[in-house]
There are 2 protein chains.
Amino acid sequence: MTDEKKPRRRPRSDGQRNRENLLKVAKAAFTAGEIDIPLDEIAHRAGVGIGTLYRHFPNRDALIEAVYRAELDRLADAAPVLAAQHPPVEALRAWMRLFVDYIAAKLVIAPALNGLAGGTGTLYAQSGTVLQGAIDGLVAAAVASGDISADIEPVDLLRALAGVSNYAAGPGWETSAKRLVDILIARSQASAS
Amino acid sequence: MTDEKKPRRRPRSDGQRNRENLLKVAKAAFTAGEIDIPLDEIAHRAGVGIGTLYRHFPNRDALIEAVYRAELDRLADAAPVLAAQHPPVEALRAWMRLFVDYIAAKLVIAPALNGLAGGTGTLYAQSGTVLQGAIDGLVAAAVASGDISADIEPVDLLRALAGVSNYAAGPGWETSAKRLVDILIARSQASAS
DNA sequence: ATATATGCGGAGGGTTACTCCGTTTAACAA
DNA sequence: TTGTTAAACGGAGTAACCCTCCGCATATAT
């Protein structure tokens, strides 16, 4: 039953171009706060028909998710780079702050997420995986170096951060978020002594 | 220019009854996960016409917000009660856990919030105020009693909690959330010594 | 050059949010 | 009680939107 589809042909170049274009337009729109933008409009701005949009992304949520995932991947990719440039604890702190910065720059994440209606479960599950991989590595390194203790789940850090970012309404939210980073890390260091 | 509207008449009883009925039905639906339920259906279940729904709540978001606000008020009201029943730090811990429980019981909050599309700003701003009042009192009492230090902003606690709850996807989220409560409080106590 | 799988466009069906206005009814005065 | 009136009601109608379907176009491979 392991029938692997051997695609006979190379994917068509125009298809990929259109797909990327749609993602770019959608990201721009979401970032600009136009979360309720009609899909027809996105298709139009990307210079394609509505049918094309729907072939690439079967529904609205799929499009949002795709944009979101692309950003997440960029964020996850930064982890190994930081790990190579800084000592463990500092790499961890830097990455968490980067996370905050991403949202500060309105890079899609939070607003788009709020737009998702129902089945967020799947989305979170997947995206959680990729981000968790990133932070797990950073935390593991910091624990190995003896700088922080292992009694805090890396996921907790993520969750807290993600949450703070969602409530990015108040004026001092950014300061608040970074302070939270310090608090959580400080706590881990304290109990490592 | 301070023309106070002196309402000539007492508000009509059927109006208030219908309004409360709509809220009740909407809350039940949202809690049951029917976030995308058509407004016509809500009106029907409440035994009123669609026009009536729209007079009480000018649009979908207004209805969601109203349900949400009602729950928040209940949560805020619990703070003084807890403060009277427990010593300061325990009251604080208890209230934060209650917060988590509310979401665990799917009491509207998180799912409905995710459904809100655009201008969440105003909503958060207002709701932040009422919850902030609640937690401020609890923290102030704990600081006054010398049990925790004042170097942590009460708002941070709220933000972190709210965030964790939004990511209520993974299996152990509830444990995770309550662990976060302990971590935050422990950290505050440590620096109070 | 030919064949064909892959991708494209956009009209159209079905659903939903919201408006408008003629009708009903609760509150108050006589 | 009865009459008056402002407040509230109901639901048909409108506009906008999501998504499907299918005949046409084009990139890839031979």
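Order of the sequence lines sets the chain letters (A, B, ...), proteins ahead of strands, with each chain counted from 1.
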Undergrad: Rounding to a whole Å, what distance do you find between Glu41(A):CD and dA15(D):P?
TA: 20 Å
Undergrad: Report yes if some heavy atom in the side chain of Leu92(A) is under 4.5 Å from a heavy atom in the side chain of Val139(A); otherwise report no.
TA: yes
Undergrad: Kindly state which residues belonging to residues 15-24 of chain A come within less than 4.0 angstrom of DNA chain C, counting heavy atoms of the residue only, listed by number.
TA: Gly15(A), Asn18(A)
Undergrad: Look at the side chain of Ser13(A) and decide which nucleotide, out of dT28(D), dG10(D), dA27(C), has an atom nearest to it.
TA: dT28(D)
Undergrad: Restricting to side chain to side chain contact (heavy atoms under 4.5 Å, CB included), what partner residues turn up for Ala141(A), sequence neighbours left out?
TA: Pro88(A)
Undergrad: Check this one for me: any side-chain N or O of Thr52(B) less than 4.0 Å away from OP1 or OP2 of dA8(D)?
TA: no
Undergrad: Have a look at His44(A) and say if it touches a base, only the backbone sugar-phosphate, or nothing, with a 4.0 Å heavy-atom cut-off.
TA: nothing
Undergrad: Could you list the protein-to-nucleotides 2-4 of chain D atom pairs, N/O on both sides, closer than 3.5 Å?
TA:
none

Undergrad: Using side chain to side chain contact (heavy atoms under 4.5 Å, CB included) as the criterion, list what pairs up with His44(B), not counting sequence neighbours.
TA: none
Undergrad: Over all heavy atoms of both residues, which pair between Leu53(A) and Ile42(A) is shortest? Give the atoms and the distance, please.
TA: CD1-CG2, 4.0 Å
Undergrad: If I compare all heavy atoms of Ala66(A) with all of Leu23(A), which pair ends up nearest, and what's the gap?
TA: CB-CD2, 3.8 Å
Undergrad: Send over the distance from Asp14(A) CG to dA25(D) C1', rounded to a whole Å.
TA: 10 Å
Undergrad: Rounded off to whole Å, could you give me the CZ-to-P distance for the Arg10(A) and dT30(D) pair?
TA: 11 Å
Undergrad: If the condition is side chain to side chain contact (heavy atoms under 4.5 Å, CB included), which residues does Ala79(A) pass it with, not counting sequence neighbours?
TA: Trp95(A), Ala134(A), Leu138(A)
Undergrad: Quick one: closest heavy-atom pair of His56(A) and Leu22(A), and the distance?
TA: CD2-CD1, 4.2 Å
Undergrad: I need the Asp77(B) CG to Leu72(B) CG distance, nearest 0.5 Å.
TA: 10.5 Å
Undergrad: Taking atom P of dT6(C) as reference, at what distance in whole Å does atom CZ of Arg12(A) sit?
TA: 10 Å
Undergrad: Starting at atom CZ of Phe57(B), determine the distance to atom P of dC9(D), rounded to an integer number of angstrom.
TA: 11 Å
Undergrad: List the protein contact pattern of nucleotides 12-21 of chain C with one symbol per nucleotide (5' to 3'): B for base contact, S for sugar-phosphate-only contact, - for none; contact means a heavy-atom distance under 4.0 Å.
TA: ----SSBB--
Undergrad: If only side-chain N and O atoms of His56(A) are considered, is one of them under 4.0 Å from the OP1 or OP2 phosphate oxygen of dG7(C)?
TA: no
Undergrad: Considering residues at least two apart in sequence or located in another chain, which fulfil the salt bridge (Lys or Arg N to Asp or Glu O under 4.0 Å) criterion with Asp14(B)?
TA: Arg12(B)
Undergrad: Checking Arg45(B) now: which residues fulfil side chain to side chain contact (heavy atoms under 4.5 Å, CB included) with it, not counting sequence neighbours?
TA: Val25(B), Ala29(B), Glu34(B), Ile37(B), Glu41(B)
Undergrad: Atom CD1 of Ile64(A) and atom P of dC18(D): how far apart are they, to the nearest Å?
TA: 10 Å
Undergrad: Considering all heavy atoms of both residues, which atom of Ile35(A) and which atom of Arg60(A) are nearest to each other, and what is their separation?
TA: O-NH2, 2.7 Å
